[in-house]
Amino acid sequence: MAARENVSLVFKLYCLLVMTLVAAAYTVLLRYTRTVTTEMYFSTTAVCVAEVIKLLLSVVILAKETGNLSRLFTSLKENVLGSPVEMLKLAVPSLVYALQNNMAFVALSNLDAAVYQVTYQLKIPCTALCTVLMLNRSLSKLQWLSVFILCGGVTLVQYSPAEATRVQIEQNHWLGFGAVAVAVLCSGFAGVYFEKVLKSSDTSLWVRNIQMYISGIIVTLAGVFLTDGEGVLEKGFFYGYNYLVWIVVLLASVGGLYTSVVVKYTDNIMKGFSAAAAIVISTIASVLLFGLQITLTFTVGALLVCVSIYTYGLPRKDTTKLEIKDTSGNLSEKLIHV
């Protein structure tokens with residue numbers, strides 16, 4: 001809490017701006033590379049390369065955290081080579097995140113960026129449910145109401161989805177929606193599982209990231225050869241890559257790491273505002289780049305989703321203390337245990 005209080009408003013706005021632009025740019029550019037470019041790259045290789053970059057960035061940050069190379073190597077030896085049980089623990093979210101990231105490519109190959117951005121907000125109720133079941137937390141009535149409103153908004157968006165007129169490839173709307181459904185389930189479970197592992201010990205976040213990304217590289221590399229093995233051997237690992245694909249990979253890499261830093265300095269309201277702003281930016285970009293034709297149901301549904309994201313992140317009222325009047329008319333404070 002102190003970290004948040006000591007950070008200036010300018011820095012918070014900077015975090016908000018970067019987080020919003022990364023989320024919107026990743027979605028729009030990924031959609032563009034999957035529907036407009038002629039030589040289609042293997043999406044499984046992009047997911048794998050992103051894991052490698054995340055690992056390298058985490059090692060660099062851990063090196064800065066430990067202070068020197070000797071402490072870095074000691075930390076890696078103890079927490080990677082010397083902790084097989086912990087590595088197995090982190091293999092679980094690695095596998096789930098690998099599936100989630102691959103599903104994002106499937107979804108954006110079949111859904112417009114704006115439709116995807118709205119639908120992907122189903123990760124909020126999924127994460128909420130996992131939090132209740134796995135961490136024994138409770139949600140306020142307002143949060144439950146927000147969850148239902150969000151689901152209603154997504155239903156409207158999917159009931160009469162906006163169509164893009166400049167996309168020439170064949171698309172399967174239901175395949176795209178199914179991929180988003182799998183992605184949000186993975187996001188909810190993996191996020192809460194990783195939080196539970198983090199809170200089970202005082203091990204550094206970056207050590208945990210390194211443990212997870214090592215497993216992630218193994219899992220995603222296996223996915224490359226199981227899914228696209230013949231094509232990769234014939235055409236090459238980086239077939240179809242251009243500067244836009246590399247930007248997508250970098251955004252995927254930096255986005256995940258940056259989010260963990262942003263969470264430290266911003267609150268849920270700012271994160272909710274960022275998600276809503278990303279939806280608006282993605283919609284505008286889709287209209288300009290893909291000829292998206294916005295429908296009334298999409299507009300209403302997207303608006304409901306944006307409102308629900310904001311209300312879900314509102315701070316909960318402290319109900320442990322109630323102000324009551326005594327018989328003399330003076331205000332007194334009574335502690336209520338719940």
**Q.** Contact summary for L99 and C186, nearest pair of heavy atoms
**A.** CD2-SG, 3.6 Å

Q | C306 side chain near I279 side chain, heavy-atom distance below 4.5 Å | A | yes

Q: Take F238 and W246, measure what ring-ring contact (aromatic ring centres under 6.0 Å, His included) needs, and give me the verdict at the end.
A: CA-CA 10 Å; F238 296 106; W246 280 109; 5.7 Å; yes

Q) When you look at CZ of F148, are more than 12 heavy atoms from neighbouring residues, nucleotides or ligands closer to it than 6.0 Å? A) no

(Q) If I take atom CG from residue N102 and atom OG1 from residue T220, how far apart are they, to the nearest 0.5 angstrom? (A) 8.0 Å

Q.
Before you tell me yes or no, could you show the steps for L303 and T299 under side chain to side chain contact (heavy atoms under 4.5 Å, CB included), namely the whole-Å CA-CA distance, both residues' side-chain angles and the distance that decides it to 0.1 Å?
A. CA-CA 6 Å; L303 182 61; T299 304; 5.7 Å; no

**Q.** side-chain hydrogen bond (donor to acceptor under 3.5 Å, both in side chains) between T311 and S146, intermediate numbers included
**A.** CA-CA 6 Å; T311 55; S146 301; 2.6 Å; yes

Q) What closest approach, in Å, do S215 and S94 show between heavy atoms, and which atom pair accounts for it? A) CB-OG, 3.3 Å

Q: Could you pull out the closest heavy-atom pair between A278 and A24, with the gap in Å?
A: O-CB, 4.0 Å

**Q.** For the student: nearest non-hydrogen atoms of L244 and T33, plus distance
**A.** CB-CG2, 3.9 Å

Q: Rounded to the nearest 0.5 Å, what's the gap from OG1 on T35 to CG on N110? Could you check?
A: 10.5 Å

Q. Which of these, N101, T227, D228, sits in a side-chain hydrogen bond (donor to acceptor under 3.5 Å, both in side chains) with T44?
A. D228

Q | Under 3.5 Å donor-acceptor, R71 side chain and T66 backbone | A | yes

(Q) Donor-acceptor pair, distance only, cut-off 3.5 Å: does the side chain of E65 make one with the backbone of W206? (A) no

(Q) If we count only N and O atoms by modelled type, under 3.5 Å, do the side chains of S109 and R34 hold a donor and an acceptor together? (A) yes

Q.
Looking at every heavy atom in both S282 and T27, which two are closest together, and how far apart are they?
A. OG-CB, 4.5 Å

Q: Would you give the length of the straight line joining atom CG of L29 to atom CG of L250, rounded to the nearest 0.5 angstrom?
A: 11.0 Å

Q. So do S187 and C126 actually touch side chain to side chain, heavy atoms under 4.5 Å?
A. no

Q) Is E230 close to E234 at the side-chain level, that is, under 4.5 Å between some pair of heavy atoms? A) no

(Q) Quick check: is L62 connected to L55 through a chain of hydrophobic side chains (ILVMFWY, heavy atoms under 4.5 Å apart)? (A) yes

Q. Hey, what do you get for CE (M212) to CG (L205), rounding to the nearest 0.5 Å?
A. 8.5 Å

**Q.** Within-4.5 Å side-chain heavy-atom neighbours: Y41 and F105
**A.** yes

Q: Report yes or no: is the cationic atom of R31 (NZ for Lys, CZ for Arg) under 6.0 Å from the centre of the six-membered ring of Y26, at an angle within 45° of the ring normal?
A: no

Q. Under 4.5 Å between side-chain heavy atoms, hopping through other hydrophobics if needed: is there a path connecting Y120 to V182?
A. no

Q. Rounded to the nearest 0.5 Å, how far does CD of Q117 lie from OG of S286?
A. 9.0 Å

Q.
Check for me, please, whether V307 and I124 land in the same ILVMFWY cluster - side-chain distances under 4.5 Å, paths through other members count.
A. no

Q: Only counting residues at least two apart or in another chain, list the ones meeting salt bridge (charged side-chain N to carboxylate O under 4.0 Å, His left out) with K54.
A: E51

Q. Taking side chain as C-beta onward, heavy atoms only, is V106 less than 4.5 Å from L175?
A. yes

(Q) According to ring pair (Phe, Tyr, Trp, His ring centres under 6.0 Å), who are the partners of F189, at least two apart in sequence or on a separate chain? (A) Y193

Q: Would you check if the side chain of T119 reaches a backbone N or O of Y116 as a donor-acceptor pair within less than 3.5 Å?
A: no

Q. SG/C130 to CD/E195 distance, rounded to the nearest 0.5 angstrom?
A. 11.0 Å

Q: Identify the two heavy atoms, one from T131 and one from V192, that lie closest to each other, and give their separation to 0.1 Å.
A: OG1-CG2, 3.6 Å

Q.
Taking V245 as the starting point, is it possible to reach Y243 by hopping between hydrophobic residues whose side chains are less than 4.5 Å apart?
A. yes

Q | Any donor-acceptor N or O pair under 3.5 Å, side chains T45, Y241 | A | yes

Q) Hey, are the side chains of F194 and L90 touching, using non-hydrogen atoms and a 4.5 Å cut-off? A) yes

**Q.** Audit row: I247, L251, side chain to side chain contact (heavy atoms under 4.5 Å, CB included) steps and yes/no
**A.** CA-CA 6 Å; I247 291 175; L251 287 172; 3.9 Å; yes

Q: Please examine the side chains of V219 and Y97, heavy atoms only from C-beta on, and report whether any two atoms are closer than 4.5 Å.
A: no

Q | Side-chain heavy-atom pair L150, L122 within 4.5 angstrom cut-off | A | yes

Q.
For L72, is there any backbone N or O sitting under 3.5 Å from a side-chain donor or acceptor partner on S75?
A. no

(Q) Checking V80 against I214 for the side chain to side chain contact (heavy atoms under 4.5 Å, CB included) test, could you report, in this order, the C-alpha distance in whole Å, the side-chain angles of both residues, the deciding distance, and whether it holds? (A) CA-CA 9 Å; V80 177; I214 289 174; 3.7 Å; yes

Q) Do F290 and V180 share a hydrophobic cluster, counting only Ile, Leu, Val, Met, Phe, Trp and Tyr and linking them when any side-chain heavy atoms are less than 4.5 Å apart? A) yes

Q) Between the side chains of S83 and N79, is a donor N or O closer than 3.5 angstrom to an acceptor N or O? A) no

Q: Kindly indicate, with the supporting measurements, whether the criterion side chain to side chain contact (heavy atoms under 4.5 Å, CB included) is fulfilled by L56 and Y213.
A: CA-CA 9 Å; L56 295 175; Y213 296 144; over 6 Å; no

